[in-house]
Amino acid sequence: MAAVAAATVVGVCLTVGSASAGTLSGSLYRDPSSAVVRWVAANPGDSRTAVIRDKIASQPQARWFANFNPSTVQSEVSGHIGAANAAGQIPVLAVYEITNRDCGGASAGGAPDLNQYQTWVSNFARGLGNQTVIIILETDSLALLTCLSSGEISARNEAISTATRTIKSANPNAKVYLDGGHSTWNSAGETANRLRAAGVQYADGFFTNVSNYNSTSGEANFGRNVISALNGMGISGKRQVIDTSRNGGASGDWCGDDNTDRRIGQYPTTSTGDGNIDAYLWVKPPGEADGCRYTAGSFQPELAFSLANGAPNPPTTAPPTTTPPTTTPPTTPPPNSSPPTGDGCYADVAVNQWAEGFTATVTVTAGKSEINGWKVTVELPAGAAVTGTWNAQASGTSGTVQFTNVSYNGRVAGRQSTTFGFQGTGAGPGRIAVCVG
């Protein structure tokens with residue numbers, strides 16, 4: 001799956017930009033069919049499940065497209081994009097199909113040749129729709145060139161440049177990022193040269209740290225130097241995304257399969273507070289192997305638990321502030337339950353429905369006093385069933401379903417909120433939910 005290689009061979013400084021956020025805004029899409037979500041659902045009694053569920057499965061991660069399947073890739077992409085669009089969220093797609101991928105290492109594979117690669121990319125691009133999507137294009141493809149001749153490097157650069165333009169032409173709202181390696185691999189100047197040769201002028205920027213565990217601050221510093229070097233080449237307006245999926249602990253030996261001193265890093269977000277950085281992403285899904293002790297790309301609960309155990313809990317959010325309308329608002333459906341005038345809690349359900357199923361996001365808001373533990377009851381229509389839950393524990397899958405807080409989000413301060421979600425088949429629930437806190 002994800003490419004990896006030794007830290008010395010493997011996936012600052014002028015001030016550039018402002019301290020504001022980057023060009024992306026909005027929530028990232030959590031894939032309810034990811035390997036970690038499926039493992040959690042299949043292993044409710046495992047002693048590691050709660051930690052993995054609460055700190056990894058609850059979070060948005062990249063969906064990797066790494067199989068050479070030109071006849072089916074369009075439908076696979078379209079299905080994933082459709083679910084993300086229905087949820088009103090931004091999906092992250094990691095394209096990993098370049099010919100001679102990983103220089104024949106643990107993640108070897110890819111398209112048989114670059115002509116067939118372009119066919120695959122064209123089919124991939126047809127499934128992208130027209131809403132915002134983040135594309136992580138070919139991890140290690142530019143940082144790891146040691147197995148290629150000069151002619152092969154030129155051909156790869158042209159292939160990546162063409163792929164970028166193909167994706168942008170199919171979906172102008174696609175945000176495409178090219179391989180920037182990481183801060184302890186190639187120099188910032190050399191990285192900028194490689195990005196320019198591969199057509200970064202057609203992309204939105206570059207990504208770093210997919211193949212390593214360097215600190216976010218170190219990667220940001222490196223990224224500023226790369227941006228400065230690109231500016232010096234007349235290529236401006238490019239930004240960085242940083243993979244923070246495994247950089248919350250010690251750095252050192254590159255292979256995550258053999259280390260227990262890693263931790264998940266900053267949780268995924270587009271709110272970076274840094275004008276050079278569009279997002280902190282979990283590109284390499286935590287718990288998926290690098291190819292040392294285990295098959296590359298396979299989900300290993302031992303690795304996931306090691307990454308999550310002892311890591312901080314995911315953040316909770318306060319309810320948005322709103323300005324009272326100056327005109328009478330239109331009639332709207334009643335809230336799920338009446339906001340308490342005193343203590344207690346209430347719940348608000350937002351449903352995104354598609355043909356075969358739905359996702360539901362539930363916001364639990366405390367009354368004027370803090371609550372320590374909550375339970376939300378949701379009535380599902382006939383034929384509907386819950387297939388996955390995040391940031392909560394579900395009792396039952398159909399009919400009357402009760403959701404209770406997990407360890408880190410049961411305490412909610414007065415007038416503050418936390419959220420959880422669930423996915424299901426059939427028709428989604430109505431707006432009525434009952435919250436007890």
Side-chain angles (χ1 to χ4, degrees), residues 1-4 10-11 27-43 48-49 51-67 76-77 80 83-84 89-97 101-102 106-107 109 133-140 177 179 182 207-213 216 241-249 254-259 262-269 279-309 311 314 388 390-391 423:
M1 187 171 175
V4 290
V10 195
S27 61
L28 298 166
Y29 178 59
R30 172 194 174 275
D31 181 2
S33 63
S34 67
V36 64
V37 172
R38 295 196 306 270
W39 183 89
V40 165
N43 295 274
R48 301 164 294 187
T49 295
V51 169
I52 295 173
R53 177 196 65 215
D54 295 349
K55 297 182 180 180
I56 294 180
S58 66
Q59 297 303 303
Q61 301 166 42
R63 166 78 175 268
W64 284 70
F65 290 83
N67 296 321
E76 290 182 17
V77 172
H80 186 70
Q89 296 174 328
I90 302 171
V92 180
L93 279 60
V95 172
Y96 194 46
E97 203 58 65
R101 180 174 78 195
D102 197 28
S107 298
V133 55
I134 297 172
I135 307 293
I136 303 299
L137 189 60
E138 302 298 355
T139 295
D140 290 353
Y177 301 88
D179 176 39
H182 56 74
F207 60 87
T208 69
N209 216 35
V210 176
S211 293
N212 217 290
Y213 319 94
T216 301
V241 295
I242 300 174
D243 189 345
T244 60
S245 62
R246 303 179 294 173
N247 72 342
W254 67 273
C255 190
D257 296 23
D258 296 322
N259 286 274
R262 310 286 184 223
R263 292 290 182 272
I264 52 176
Q266 182 161 346
Y267 285 98
T269 183
Y280 301 128
L281 303 176
W282 283 8
V283 180
K284 179 64 188 284
E288 295 193 10
D290 291 317
C292 302
R293 292 171 56 197
Y294 308 102
T295 302
S298 64
F299 177 77
Q300 301 294 333
E302 174 188 353
L303 300 179
F305 182 75
S306 176
L307 287 164
N309 193 35
W390 53 99
N391 292 343
Q423 182 174 14

Inset, instruction - Kindly indicate, with the supporting measurements, whether the criterion side chain to side chain donor-acceptor pair (under 3.5 Å) is fulfilled by Asn209 and Thr244. - result: CA-CA 7 Å; Asn209 216 35; Thr244 60; over 6 Å; no

Legend entry - Distance (rounded to the nearest 0.5 Å) between Glu288 CD and Thr295 OG1: 12.0 Å

Inset, instruction - Please state whether the rings of His80 and Tyr29 are parallel, tilted or perpendicular, taking 30° and 60° as the class boundaries. - result: perpendicular

Legend entry - Contact check, side chains of Gln61 and Val92, non-hydrogen atoms, under 4.5 Å: no

Inset, instruction - Examine distances only and state if a side-chain atom of Trp39 and a backbone atom of Ser34 form a donor-acceptor pair shorter than 3.5 Å. - result: no

Inset, instruction - Rounded to the nearest 0.5 Å, what's the gap from CG on Leu307 to CD on Glu302? Could you check? - result: 10.5 Å

Legend entry - Residue pair Pro285 / Trp64, side-chain heavy-atom distance below 4.5 Å: yes

Inset, instruction - Rounded to the nearest 0.5 Å, what's the gap from CG on Asn212 to CZ on Arg246? Could you check? - result: 8.0 Å

Inset, instruction - Applying side-chain contact (heavy atoms from CB on, under 4.5 Å) between Leu93 and each of Ile135, Ile136, Ile134, report the one that passes. - result: Ile135

Inset, instruction - Check for a donor-acceptor pair, side chain of Arg53 on one end and backbone N or O of Arg48 on the other, with a separation under 3.5 Å. - result: no

Legend entry - Expected output: side-chain Glu97 to main-chain Asn67 donor-acceptor under 3.5 Å: yes

Legend entry - Distance-minimising heavy-atom pair for Ala311 and Ile264: CB-CG1, 3.5 Å

Legend entry - Reported CD1-to-OG1 distance for the pair Ile242 and Thr208, which is rounded to 0.5 angstrom: 5.0 Å

Legend entry - Point-to-point distance, once rounded to the nearest 0.5 Å, from CD of Gln59 to CG of Leu281: 12.0 Å

Inset, instruction - Quick one: closest heavy-atom pair of Asn247 and Gly265, and the distance? - result: OD1-CA, 3.4 Å

Legend entry - Backbone of Asp54 reached by a side-chain donor or acceptor of Ser58 within 3.5 Å: yes

Inset, instruction - Any chance you could lay out the side-chain contact (heavy atoms from CB on, under 4.5 Å) test for Phe207 and Asp179, step after step, and finish with the verdict? - result: CA-CA 6 Å; Phe207 60 87; Asp179 176 39; 3.6 Å; yes

Inset, instruction - Of all the heavy-atom pairs spanning Lys55 and Trp282, show the shortest one and how long it is. - result: O-CH2, 3.4 Å

Inset, instruction - Apply the side chain to side chain donor-acceptor pair (under 3.5 Å) test between Lys284 and each candidate in Asp290, Thr139, Asp243; give the one that qualifies. - result: Asp290

Inset, instruction - Quick one: closest heavy-atom pair of Ala308 and Val51, and the distance? - result: CB-CG1, 3.6 Å

Legend entry - Nearest non-hydrogen partners of Ile56 and Ala304, listed with the distance: CD1-O, 3.4 Å

Legend entry - Asn309 side chain to Phe305 backbone, donor-acceptor under 3.5 Å: no

Inset, instruction - Check Tyr294 against Ala289 and note the closest heavy-atom contact, atom names and distance. - result: CB-CB, 3.6 Å

